[in-house]
Amino acid sequence: MTTDTTASTRTASEAPMTVDHPLSMDEVAAVIARDIPAGAFVNLGIGQPTKIADHLPEELGVVLHTENGMLGMGPKAEGAQIDPDLTNAGKVPVTELPGAAYFHHADSFAMMRGGHLDVCVLGAYQVSAHGDLANWHTGKPDDIPAVGGAMDLAIGAKDVYVMMTLFTKSGAPKLVPQCTYPLTGVGCVSRVYTEVATFDLRPHGVHVLETYGITHNELRSRLDVELH
């Protein structure tokens with residue numbers, strides 16, 4: 001878990017969002033895009049995290065990395081922009097920004113493992129209060145494991161953000177005291193973004209940064225982790 005104040009503490013100019021409803025995943029993506037530091041090298045995980053690319057202002061100079069071998073990825077491609085040979089790791093057609101580069105898959109993973117990424121954003125089945133991440137398998141015999149590059153990203157990126165819903169369809173919390181699913185990484189997650197709240201995972205506990213359509217007391221009543 002990081003203690004980097006750049007990642008775990010917002011500046012005064014980054015005012016909290018005030019809304020009276022849970023966020024859509026597109027809105028969660030916009031919140032994450034707001035918190036990514038200017039000039040950062042960032043990997044966006046397969047699935048919902050890829051939405052973040054559509055909310056990054058060009059002037060921030062954020063450089064997106066995709067593990068299938070591209071640096072300088074732009075937003076999702078639409079219409080005539082679509083090139084079937086130009087996709088992210090989730091096979092979604094994307095655009096390229098000026099200066100984009102392509103390289104071997106092995107070189108891409110060397111970037112991930114070598115600590116060259118400032119931030120990665122991953123989905124998750126569970127995150128523990130200590131920053132443990134479980135996102136590749138539920139442990140059920142009939143579920144198909146899907147680790148991809150998540151383990152490499154979890155240990156290689158300087159900061160790991162998680163983008164997920166806070167509760168399962170049955171209402172069970174996904175931010176938990178201890179993960180019950182197989183782990184992807186230990187103590188690696190620094191921040192969790194959900195549709196109802198954003199959490200900082202710090203060495204001395206879980207801090208609520210923002211809430212969306214839910215009160216702190218409601219969060220405390222539905223989660224089994226201590227909140228600050």
Side chains of N88 and T66, donor plus acceptor under 3.5 Å: no
Test item: side-chain donor near acceptor, Y161 and D35, under 3.5 Å: no
Closest non-hydrogen atom pair between D118 and A40, with its separation: OD2-CA, 3.4 Å
Closest non-hydrogen atom pair, K76 against D54: N-OD1, 3.1 Å
Whether T198 side chain and E210 backbone form a donor-acceptor pair below 3.5 Å: no
Heavy-atom donor-acceptor pair, E195 side chain to L166 backbone, under 3.5 Å: yes
Heavy atoms from other residues, nucleotides or ligands near CZ of F41 exceed 12 (cutoff 6.0 Å): no
Side-chain (N135) to main-chain (T184) donor-acceptor, under 3.5 angstrom: no
Short side-chain to backbone donor-acceptor contact, D132 and L183, under 3.5 Å: no
Y212 and T194: CA distance, side-chain angles, deciding distance, side chain to side chain donor-acceptor pair (under 3.5 Å) verdict: CA-CA 9 Å; Y212 321 113; T194 77; over 6 Å; no
Spacing of M25 atom CE and Y193 atom OH [to the nearest 0.5 Å]: 13.0 Å
Q126 side chain to T180 backbone, donor-acceptor under 3.5 Å: yes
Main-chain N/O of H65 paired to N43 side chain as donor or acceptor, under 3.5 Å: yes
Donor-acceptor under 3.5 Å (H104 side chain, G69 main chain): no
Test item: L71 and V63 side chains (from C-beta on) under 4.5 Å apart, heavy atoms: yes
Heavy-atom check, side chain of H130 versus side chain of Q178, under 4.5 Å: yes
Co-membership, hydrophobic cluster, residues L133 and I155, 4.5 Å side-chain: no
Hydrophobic cluster identity match, I52 and L97, side-chain contacts under 4.5 Å: no
T165 side chain to K174 side chain, donor-acceptor N/O pair below 3.5 angstrom: yes
Passing option when H55 is tested against V28, I32, D26 for side chain to side chain contact (heavy atoms under 4.5 Å, CB included): D26
Flag for T168-Y125: side-chain donor and acceptor within less than 3.5 Å: no
